[in-house]
J.: 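Below are the structure tokens for one structure; questions will follow.
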Protein chains: 2
Amino acid sequence: MTKRAGIRDVAREAGVSPATVSLVLNDRAATRIPASTQERVRRAAADIGYSPNSVARSLRTRTTRTIGLISDEIATTPYAVRMIEAVQDGARAHGHLVFLVSTAAERSLERDAVAALRDQQVDGLIYACMWHRDVEVPQGMPPGSVVLDGRPDRAGYPAVVPDDRRGAEVAVQALVDAGHRRIAYVDIDEDPSPLASGLRHEGYLAVLAAAGIDPDPALHVKGSADAVGARDAAGRLLELPPGRRPTALFCFNDRMAMGAYSAARRHGLEIPTDLSVVGYDDQQLIAAELDPPLTTVALPHYDMGRWAVEVLLGSREAPPDQGVMLMPCPLITRESVGPPPAEQKEPGRRRT
Amino acid sequence: MTKRAGIRDVAREAGVSPATVSLVLNDRAATRIPASTQERVRRAAADIGYSPNSVARSLRTRTTRTIGLISDEIATTPYAVRMIEAVQDGARAHGHLVFLVSTAAERSLERDAVAALRDQQVDGLIYACMWHRDVEVPQGMPPGSVVLDGRPDRAGYPAVVPDDRRGAEVAVQALVDAGHRRIAYVDIDEDPSPLASGLRHEGYLAVLAAAGIDPDPALHVKGSADAVGARDAAGRLLELPPGRRPTALFCFNDRMAMGAYSAARRHGLEIPTDLSVVGYDDQQLIAAELDPPLTTVALPHYDMGRWAVEVLLGSREAPPDQGVMLMPCPLITRESVGPPPAEQKEPGRRRT
DNA sequence: ATGAAAGCGCTAACAT
DNA sequence: ATGTTAGCGCTTTCAT
């Protein structure tokens, strides 16, 4: 890289002082400087390819137009990159650049990251979780930093999470509307249980209650978070005697719905004819690609990410005091939901 | 944020000059300053919680310990975030922070990003593609910047891409080793055809040739890149008369392998008993979760990302002149490959 | 309407 | 062995 042109180079070229160049190039010239001079300055700048050194400017103005995005993990839940993209887009819209640092949720790395970012004088910090959870805000996070997809343990940090309870309601309601009354919840078996697990269970129960359906505890099963765990859990459900067997499965997530598909297949059940399935997450490359495509509830990653930057950069109101913003999770209707089978029948034969 | 302590605060506290503090804190004190003074300085710094302002330091040293990572897209191929993570990790290992900017592959955004990053005085730039392709290096990219998962159109840019040809060879060889001789290539139908498509085809043909198998053009089919397109393409293959039908499918990617699974299922074929399938990408949340788990070839995203930072930051040799580094793609053996069925039989019955 | 000069917080020559 | 000084490239009073 050859030496970059500086403001004094422009000044010399235009026959004015550096101060004037600064004024003009920052649109602070308003009334002060005649259009002709402004024109001359801009020409000179363009001619020599001048572009201000952000570091010097930052030192002087004490604002860097950068933000830091700390994410606890990045690769495990690939679809959550939508949050990163959203933060990116929002930052760009505000003329900011973003430092990304992922910390694998290690406390010491988190502290280092916060410190490094503060040393860089970032204008704001976002702490992003890759899944809805309680978060212990890292030491040194300046108040005003926003928490993304997590619930901060301390006040002073605006936060946004998906409205999992409401999302589950929408999902289960869709099943009720299709005529189902024996609806199972294929839950995740993890310790500690994710916040989303409980919230979605609440939503599930609320809709059943509202529909006058007595919840059958046997229809709340748990399996490990992968397709195999879900396949087994769903399998147990499908082995229930005809009268007790569910006609619809609400699955904790799309990955588990994928397992439910396997179980149905192994039981000779057609989706959605013999069994309806709803997932959660709207995970790219799963939900839409399953056969048949999966009806699911979308996690509003992009919206949450956008919300976070905008609150951080002040273009949107933070929720009053301790309030956590609940972002709606829309139902994505595809083809895995149908009316319940006319009667409880024997495991069907595959169509030929 | 209350006013940060500065180096002069530490100096006053320790009863020395700012210069001494700088020396000590940067481990440049070597022989010059007695241990006792050093200790005093460090104590003072710790006491008042001093941490140097990176912006000021950068202005002075003309090096920022930051790098810029420009990625053409981020959300579409979620598994490619492994590259970002790798860059992250490598940067951290070198004490650098990374600016992430995604440009949706728009030329004007790319140019803006390059300019903004240069204004920030980043120490280096990486241009990352989300899939192996030819890249027109954005205007203003300083020579020495590295291209990740792409082939630059100009010299002066070290680059790394997956060794798709060799990867395909390994995949098809696994099939040959299992005893297959009628092996199809379920290719992607896209215009322009991705580099990987052609390279993998070459690898496929090379292995067949080496095994003395005459390639049957009817076994090279194409489908759209989603599960449905692949299902149809694979379906056509499975409808071939017994003697011509393939016993194994090499799929362009895991998503298409997923479609092949659907097709097999619809034809009453069991995997791997009746049909073997190999994918490509080792896409998280697909390959491992399919039933049965998919044998596939991994794209070395992490390794490539790591390579890129290390070359950028000088801890690894760049390939000689125009050379593009080919990163090996390892075979991930799971359960979708078996020996060919004893004889061409009628579509099998599902196990009960 | 413009310029001179100070200074953001640090580091690196150069003195002492 | 340590301190003084002069900037890094900009912005911003304050003078003129």
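Computed over heavy atoms, backbone and side chain alike; hydrogens, waters and symmetry mates excluded.
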J.: Name the nucleic acid region contacted by A/T37, choosing base, sugar-phosphate or nothing; use a 4.0 angstrom heavy-atom cut-off, strictly under.
T.: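 The residue A/T37 makes sugar-phosphate contact but no base contact.
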J.: Pick from B/T66, B/T61, B/I67: which one makes a side chain to side chain contact (heavy atoms under 4.5 Å, CB included) with B/T64?
T.: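 Answer after filtering B/T66, B/T61, B/I67: B/T66.
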J.: Take the protein atom CG of B/D119 and the nucleotide atom P of D/dC8, then report the distance between them rounded to whole Å.
T.: 19 Å
J.: Would you mind reading off the distance between A/R12 atom CZ and D/dC10 atom P, rounded to a whole angstrom?
T.: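 Roughly 12 Å, once rounded to whole Å.
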J.: Check residues 136-149 of chain B and write down every donor-acceptor pair under 3.5 Å in which the side-chain atom is one partner and the other belongs to a residue at least two apart or another chain.
T.:
residue, atom, partner, partner atom, Å
B/S145, OG, B/P142, O, 2.5
B/D149, OD1, B/H132, N, 3.3

J.: May I ask you to verify if any side-chain N or O of A/T20 is less than 4.0 angstrom from the OP1 or OP2 atom of C/dA1?
T.: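 No, no such contact exists.
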J.: May I ask you to test the A/L69-A/F99 pair for a side-chain heavy-atom distance under 4.5 Å?
T.: no
J.: If we count only N and O atoms by modelled type, under 3.5 Å, do the side chains of A/Y50 and A/E13 hold a donor and an acceptor together?
T.: no
J.: By salt bridge (charged side-chain N to carboxylate O under 4.0 Å, His left out), which residues pair with A/D303, not counting sequence neighbours?
T.: none
J.: Is A/E39 salt-bridged to A/R43, going by a charged N under 4.0 Å from an acidic O?
T.: no
J.: In whole Å, I'd like the distance from the CD atom of B/E39 to the C1' atom of D/dT2.
T.: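 The distance from CD of B/E39 to C1' of D/dT2 comes to 18 Å, rounded to the nearest Å.
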J.: Quick one, give me the B/S/- string for nucleotides 7-12 of chain C, reading 5' to 3', where B means a protein heavy atom under 4.0 Å from the base and S means that only happens at the primed atoms, P, OP1 or OP2.
T.: BBBBBB
